[in-house]
Each structure stands twice: as C-alpha cells, then as structure tokens.
Amino acid sequence: MSWDELYETARTIVADDKGILAADESTGTIKKRFDSIGVESTEENRRAYRNLLFTTAGMEEYIGGVILYDETIRQAADDGTPFAELLASKGVVPGIKVDTGAKPFALFPGETVTEGLDGLRERLEEYRELGARFAKWRAVITIGNGIPTDACIHANAHALARYAALCQEAGIVPIVEPEVLMDADNSIETCDEVTGRTLIALYAALYAFDVHLRGTLLKPNMVIAGKGSPSQASTEQVASMTVHNLKRHVPSLVPGIVFLSGGQSEVQATENLNAINRIGGPWPLSYSYGRALQASALTAWGGEAANVEAAQAAFLHRARMNSLAVAGQWEASLEEQVAASR
Ligand code: 13P
C-alpha cells in the first residue's frame, strides 16, 4: 500500500467535476426502491437494473466512482464482464459499501451505531481482489428530543475511524460518511449545530487513529432544515451555512467532499450543490448521490427491458446536471429543456 496511491485514487474520483454514483443499496433498501415501481426484487432484476446504470454510454464523463454492494460486486454485465471490471475499463473507480448497517445503540433509545468491524480486514482483502479501490461506511445521526447524544456521536466517530484505518491498511480509500438525517422537523440551525459536533468528533477520532486524511473522502449531509420543518431555508442559506460549517470543521487537505442527497428531490440536490460551488471551498465539492441520481431513471425503467434506453437517458441527464453543479454552471432552464424534449 502506498499513501500516494490512496491520494491519487481519491483525487481521481472527484477530478474534472466528476462525482460518485451510490449504487450500494442493500438488499432491503433496493427492495423498497423496487416496491415503489412495482418490480419484484429478485437477484436477476437487481443485476439487470445495475447493468442498465453501469452500461449507460457516456456516464464516465460525469461519474468518477460507483459504490457497489456485496452482491453487486460479484455480479456481471449482460456480456459476462464483472461489473467492477466493466467500470474500471471505462475509467470509473469501483467502490464497495462495507458497513453492515446502523443498529440500535444499546441504552440510547432512538439512536443507532453502525456495525461491521468484525472480520473487516479479511473482507477488505477480498473486495480489493474483486477490484474495489474505495469503500463506504455510513454512520447515522438522528435529530430528536435530547438526541443526538455525545455518546452516540462518539461511538459512531470511533467506528468510522477504525474502519478508515483498516481500509488504508488494505490500500482502499475510505469514504467516511457521518450522515445527520434530514427526516425530522428541526430547524436548519439545529442541523448546523449537530453537523458541527459530528464533524469535530469525526476528525478527532481520525487523527487519534493516525488515519491519513489525504487518502480519505468525506461524505457529509448538507446543512438543511428537517423535512418536516415549517420553515424551509432558501438555496442560498443552505449553501452558505453548509460551506461555512465545512470550512470550520474539515481540514483543507481532505482531497474531496462528496455530499449525500439524503431525501432531497433530484433537482433540489442539484440546485443546492450548484449554489454550494458558487461559494466554493478549499476542496472539490461534489456528489455521491443515490436517490438524487436514480429516482427518474428507476421510474422510467419500471422493470421493462423496452424502457432501458429512456432510463439511461434519465440517469445520464442527472449525472450531467450534477457535474455542471460541481462547476457552478447549472441553470434551472437546462432541466426544462430536457423535460420539453421528452
Ligand atoms: P442518498 O443520496 O440517496 O442519500 O444515498 C447516498 C448514500 O449512499 C447514503 O449512504
């Protein structure tokens, strides 16, 4: 393992305004997505859907890395090429989700701690052989009455740092994802405060465990009001509070910050990312979206082979819009032109 290689991998993923496609939905999560379009979640349907995304011509102009799930990294495209190999051949870095999910945090009702450290060294070794060059671990921080507690924030930061160290030992770039959920009815100020506490604990743990920050990527939430909040902040406010928060808490040598979409609509996630980049910071500010890159594509597909082309067009459009947002060059009119041409 070389530190330069880790840095190069991290830098490559976010070079040229590219971002990440998070296609690492666990079997449970992809079932929910398929339920929403009336498609049965069989292994073959999951493979066919990922095949559609990964074989989209031109996606590599916008997508620098794809996060896979354990099942997906063992699957192959229609022509038999393993997915990781297919992506790498297009210059897209294959990644892998390695946590085993957020589980109830003992003695702290309503909070979770992410698990998956046991056996992780051996799993990372196998994933690297299967082609993975970066990994993801998602910690979940919930806002509510009296939560998050410091205990929860610290348990999750500790796990993220142990995971990150194991990844670097294996020559794999860790994406550290401390997601503050936007599902409650809290104000943007509360999200700002909780995001700050979370990032302080995360970087303290990463430093304590000797993780080399140049060989990591950060996947944070935007600073945003909870979905149920009656007072939703403007795009400009989300952008300025997000950039300010990150500038206070994230060391400038981190090679990239890739936001999660967290339940924002496709266009909202793009618009906010664009406004964030119009302010800018010392790091590339890009995306690692799941739902905000796939929602239209999933609906357009609907499980029908005849709709593959339309679904690929929808996915490519979102990827292009988000890369324009990374450059700060997205305009709402670009969405309307495409809607009109359909
Ligand atoms: P969303 O963009 O749908 O929030 O998913 C990103 C992700 O990978 C969460 O871990």
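Residue numbers count from 1 along this sequence. As the structure lists them, so they are numbered: ligands from 1, and atoms in each ligand from 1.
- Near Gly262, meaning under 4.0 Å from one of its heavy atoms, ligand 1 places the atoms 1 (P), 2 (O), 4 (O).
- With respect to Ile20, the side chain to side chain contact (heavy atoms under 4.5 Å, CB included) criterion is satisfied by exactly one of Val93, Ile63, Ile175: Ile175.
- Interface of Tyr289 with ligand 1, defined as ligand atoms under 4.0 Å from a residue heavy atom, comprises 2 (O).
- Contacts of Arg291 with ligand 1, taken as heavy-atom pairs under 4.0 Å, involve both backbone and side chain.
- Of all the atoms in ligand 1, the ones that sit under 4.0 Å from a non-hydrogen atom of Ser261 are 1 (P), 2 (O), 3 (O), 4 (O).
- Interface of Ala22 with ligand 1, defined as ligand atoms under 4.0 Å from a residue heavy atom, comprises 8 (O).
- Of the protein's non-hydrogen atoms, Lys219 NZ, 3.1 Å is the one closest to atom 7 (C) of ligand 1.
- A cation-pi arrangement, defined by a distance under 6.0 Å to the six-membered ring centre and an angle within 45 degrees of its axis, is absent between Arg320 and Tyr62.
- Residue contacts with ligand 1 for Ser288 involve N, CA, C or O but no side-chain atom from C-beta outward (heavy atoms, distance under 4.0 Å).
- Atom 9 (C) of ligand 1 has as its closest protein heavy atom Glu177 OE2, 3.2 Å.
- Relative ring orientation between Tyr289 and Tyr287 is described as tilted, the plane-to-plane angle lying within the 30° to 60° band.
- With respect to atom 10 (O) of ligand 1, the closest heavy atom belonging to the protein is Lys136 NZ, 2.5 Å.
- Ring pair Phe315/Trp301: centre-to-centre distance not below 6.0 Å.
- Among residues two or more places apart in sequence or in another chain, the salt bridge (Lys or Arg N to Asp or Glu O under 4.0 Å) test is passed with Glu304 by none.
- Contact check on Arg128 versus Glu5 returns a salt bridge, with a Lys/Arg side-chain nitrogen under 4.0 Å from an Asp/Glu carboxylate oxygen.
- Under the rule for a ring pair (Phe, Tyr, Trp, His ring centres under 6.0 Å), Tyr127 has no partner lying at least two apart in sequence or in another chain.
- Taking atom 5 (O) of ligand 1 as the reference point, the nearest protein heavy-atom neighbour is Gly290 N, 3.6 Å.
- A heavy-atom distance below 4.5 Å is found between the side chains of Leu334 and Met321.
- For the pair Arg33 and ligand 1, the shortest N or O to N or O distance does not fall below 3.5 Å.
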